[in-house]
Amino acid sequence: MGINPYPAEKFDVNAFSKDIKENYDAEKGNYQEVSLAGRIMMKRVMGKASFAELQDSSGRIQIYVNRDEICPGEDKTLYNQVFKKLLDIGDFVGISGFAFVTRMGEITVHVKEFKYLSKSLRPLPIVKRIKNEETGEEEIFDAFTDPELRYRRRYVDLVVNPHVREVFLKRSKVINSMRNYFNDQGWIEVETPILQPLHGGAAARPFVTHHNTLDMPLYLRIANELYLKRLIVGGFDGVYEFGKMFRNEGMDRTHNPEFTSMEIYVAYKDYVWMMGMVEECLEKVCVAVTGGTKVKVGDNEIDFKGPYRRLSMYDSIKEYTGIDVSKMDEAELRDVCKQLHIETDNSMGKGKLIDEIFGEKVEDHLIQPTYITDYPIEMTPLAKKHRTEEGLVERFELFVNGKEIANAYSELNDPIDQRERLEDQLSLAERGDDEAMVMDEDFVRALEYGMPPTSGLGIGIDRLTMMLTDNASIQEVLFFPQMKKEV
RNA sequence: GAUCGCAUAGCUCAGCUGGUAGAGCAUUUGACUUUUAAUCAAAGGGCCCUGGGUUCGAAUCCCAGUGCGAUCACCA
């Protein structure tokens with residue numbers, strides 16, 4: 001028939017379905033020469049006239065096709081063969097025509113020209129949506145819901161499930177609004193190595209790879225903290241990076257082997273200042289993504305409007321267990337764990353025991369955004385010692401809906417203290433702790449050149465997006481979550 | 001890593017105590033010039049996840065495996 005199913009030339013679009021549906025006014029007579037392109041998602045043929053639904057990037061709109069209008073001469077092939085027979089759901093077409101309202105009251109594009117843009121060889125899942133006349137709610141039939149198929153063929157998921165598309169648009173807004181906020185403060189977006197000779201900056205098992213020319217092992221980064229602090233040494237006042245981190249650990253609904261974190265370091269600040277910054281930033285992000293400061297997460301309504309409650313870790317334990325652990329030694333803490341029915345083992349030090357109690361008894365209660373401050377020194381080798389409290393560091397984590405979404409310190413900039421703390425980690429590693437940090441001599445050397453007092457912050461972007469889109473699974477906020485091999 | 005659940009047509013799902021594989025939508029053919037989950041008439045469509053076993057006979061029962069999900073443990 002001489003029809004190219006995959007034409008090379010461009011097709012100029014001058015309107016989107018959403019704009020037409022929102023702004024068409026029969027009295028004004030606007031949108032009388034529109035060109036749209038998209039996929040055919042439904043077809044209703046009735047002899048010499050037909051209706052179809054065209055889906056473009058903004059949504060769907062009904063189109064009306066009349067045989068004698070798209071085929072004015074004797075040759076009715078374009079309508080009878082091409083439109084009625086060959087055109088399948090999922091095919092891309094370009095149309096030109098004018099907007100009007102049907103007898104049923106639906107804004108529709110009356111097609112004058114019709115062009116094949118691309119053929120779909122595989123059938124799309126057909127998802128039907130109908131408005132229930134009694135309730136007014138939209139009911140969905142034959143939804144494409146199988147999680148395995150949705151994740152493996154995300155492209156199909158995105159075509160047929162508009163709510164999925166919406167999640168990823170929000171994810172983009174999370175990152176963009178945060179980036180805009182940082183840029184407005186004059187901080188610099190930077191990039192640091194993903195392939196690192198040492199996997200520093202966090203406690204996790206890395207992925208290992210090998211560089212052929214250098215003939216040396218390289219690690220996919222588990223964190224970028226140590227590199228960002230080198231840049232503060234180098235004289236930047238504020239640096240931040242959005243980037244993928246890689247951890248070779250278990251997978252579940254909140255863990256993917258690669259995930260996105262945002263880390264920021266600002267010179268001449270401390271963790272108290274950082275709490276104020278985070279409040280301001282998250283409030284703006286929440287408004288950008290959801291339109292307001294309140295967001296529904298599961299059964300709770302979270303309000304991201306600052307200021308957030310601030311509670312030291314010891315006080316939080318006292319509040320939810322009635323026990324003051326602040327002066328306890330390791331043996332006493334072990335007794336407390338026993339009393340609270342928390343399992344412990346001998347490798348756990350004082351810091352770990354406190355963390356266990358916190359995790360078991362406090363975390364779940366922290367629904368509205370809450371800063372937990374001042375952590376035991378043992379678990380935090382990169383944070384500065386507390387200015388007044390012995391045995392603690394200047395650190396906070398932000399908890400929302402019972403989950404941690406941000407972690408921040410007054411950064412340790414004393415090179416002698418830093419070396420000792422990393423050496424303590426080494427001895428932990430020798431005792432069998434496979435999550436202990438490694439010594440990074442160059443990083444300590446950088447601190448020896450002098451780093452200004454600095455506050456640093458890390459936010460898990462995937463987790464934050466899950467919260468702001470009310471998704472319980474990380475796979476719902478990643479386009480392509482890691483899957484096992486397809487059989 | 002442990003426990004539990006699921007796997008049948010392109011999609012969503014039935015399929016009982018074992019006896020020729022089912023529906024709706026989609027697809028194909030035909031009718032229909034403003035329909036809207038269009039309608040009406042007809043047709044095609046299956047490695048019942050894989051491999052063993054029990055049985056005269058297995059989608060169904062048993063064992064093993066694979067994939068996915070949920071809960072738990074570890075972590076962000």
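In this text, all values refer to a predicted model and were calculated from it rather than measured experimentally. Residue numbering restarts at 1 for every chain, and letters A, B, ... go by the order of the sequence lines.
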Practice task
Starting from the C-alpha separation in whole Å, work towards a yes-or-no answer on ring pair (Phe, Tyr, Trp, His ring centres under 6.0 Å) for A/F358 and A/F399.
Solution key: CA-CA 12 Å; A/F358 176 80; A/F399 287 84; 5.3 Å; yes
Roughly how many Å is it from [atom1] in [X] to [atom2] in [N], rounded to a whole number?
X      : N     : atom1 : atom2 : value
A/E263 : B/A76 : CD    : P     : 12 Å
A/R122 : B/U27 : CZ    : C1'   : 16 Å
A/R152 : B/U66 : CZ    : P     : 14 Å
A/R60  : B/A37 : CZ    : P     : 13 Å
A/F51  : B/U34 : CZ    : C1'   : 4 Å

Handout entry: Residue closer to the 5' end of RNA chain B, A/D355 versus A/Q482 (nearest nucleotide)
Key =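 The answer here is A/Q482.
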Handout entry: From A/L124 atom CG to A/D91 atom CG, the distance as rounded to the nearest 0.5 Å
Key =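 So the gap between those two atoms works out to 9.0 Å.
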Handout entry: Point-to-point distance, once rounded to the nearest 0.5 Å, from CG of A/L54 to CD1 of A/I40
Key =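 Reported to 0.5 Å precision, the distance equals 5.0 Å.
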Handout entry: Closest to side chain of A/K484, choosing from B/C68, B/A37, B/U27
Key =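 For the A/K484 side chain, the nearest candidate turns out to be B/C68.
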Problem - Selected nucleotide, minimal atom distance to A/M42 side chain, candidates B/A76, B/U35, B/A37 - result: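 Nearest listed nucleotide: B/A37.
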Problem - Nearest-Å distance once atom C1' is located in both B/A58 and B/C48 - result: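 Approximately 11 Å lies between the C1' atom of B/A58 and that of B/C48.
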Problem - P atoms of B/C61 and B/C6, separation to the nearest Å - result: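 Straight-line distance between the two P atoms is 10 Å.
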Practice task
Compare all side-chain heavy atoms of A/I474 with those of A/P481 and state whether any distance is below 4.5 angstrom.
Solution key: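 Result no, sub-4.5 Å side-chain heavy-atom pair not found.
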Handout entry: A/R230 to A/Y227 six-membered ring, cation-pi geometry met (6.0 Å, 45°)
Key =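 Output yes; distance and angle both within limits.
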Mind telling me whether [Y] and [X] have parallel, tilted or perpendicular rings, with 30° and 60° as the class edges?
X      : Y      : answer
A/Y79  : A/F83  : parallel
A/F51  : A/Y64  : tilted
A/Y181 : A/W187 : perpendicular

Practice task
Just call it for A/E53: base, sugar-phosphate, or nothing, with non-hydrogen atoms closer than 4.0 Å on any strand.
Solution key: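 The answer is nothing, as A/E53 stays clear of every strand by at least 4.0 Å.
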Exercise for the section: May I ask you to say what A/N248 touches in the nucleic acid, namely base, sugar-phosphate or nothing, with a heavy-atom cut-off under 4.0 Å? Expected result: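 A/N248: no heavy atom of the nucleic acid under 4.0 Å.
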Handout entry: Listed partners of A/K28 passing side-chain contact (heavy atoms from CB on, under 4.5 Å), at least two apart
Key =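 For A/K28 the side-chain contact (heavy atoms from CB on, under 4.5 Å) partners, ignoring immediate neighbours, are A/D25, A/N30.
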Problem - Protein proximity profile, nucleotides 69-74 of chain B - base contact B, sugar-phosphate-only contact S, no contact -, cut-off 4.0 Å on heavy atoms - result: S-S-BB
Exercise for the section: Going 5' to 3' through nucleotides 6-14 of chain B, assign each nucleotide B (protein heavy atom under 4.0 Å from a base atom), S (under 4.0 Å only from sugar-phosphate atoms) or - (no protein heavy atom that close). Expected result: ----SSB--
Problem - Side-chain N,O (A/R44) to OP1/OP2 (B/U35) below 4.0 Å - result: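 No.
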Exercise for the section: Check whether any side-chain N or O of A/R103 sits under 4.0 Å from OP1 or OP2 of B/U36, and answer yes or no. Expected result: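 A/R103 to B/U36 OP1/OP2: no side-chain N or O under 4.0 Å.
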Problem - Criterion salt bridge (Lys or Arg N to Asp or Glu O under 4.0 Å) on A/R60 and A/E53, from CA distance to verdict - result: CA-CA 6 Å; A/R60 288 189 191 185; A/E53 280 176 28; 3.7 Å; yes
Handout entry: A/F259 over B/A76, stacked by centroid distance under 5.5 Å, angle under 30°
Key =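 Ring-base stacking flag set for A/F259 and B/A76.
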Mind listing the N/O atom pairs, protein and nucleotides 30-33 of chain B, below 3.5 Å?
from: B/G30; atom 1: OP2; to: A/K85; atom 2: NZ; distance (Å): 3.2
from: B/C32; atom 1: N3; to: A/G47; atom 2: N; distance (Å): 3.2
from: B/C32; atom 1: N4; to: A/G47; atom 2: N; distance (Å): 3.4
from: B/U33; atom 1: OP2; to: A/K48; atom 2: N; distance (Å): 3.4
from: B/U33; atom 1: O2; to: A/N66; atom 2: ND2; distance (Å): 3.0
from: B/U33; atom 1: O4; to: A/D68; atom 2: OD2; distance (Å): 3.3

Handout entry: Presence of donor-acceptor pair under 3.5 Å, side chain of A/Q62 and base of B/U35
Key =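 Checked by distance alone, the answer is yes.
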Fill in the blank from the handout: For RNA chain B, the expected dot-bracket line (Watson-Crick or G-U under 3.5 Å, [ ] crossing, | inter-strand) is (((((((..((((.....[..)))).(((((.......))))).....(((((..]....))))))))))))....
Exercise for the section: Using salt bridge (Lys or Arg N to Asp or Glu O under 4.0 Å) as the criterion, list what pairs up with A/R67, not counting sequence neighbours. Expected result: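 In terms of salt bridge (Lys or Arg N to Asp or Glu O under 4.0 Å), with neighbours along the sequence ignored, A/R67 is linked to no residue.
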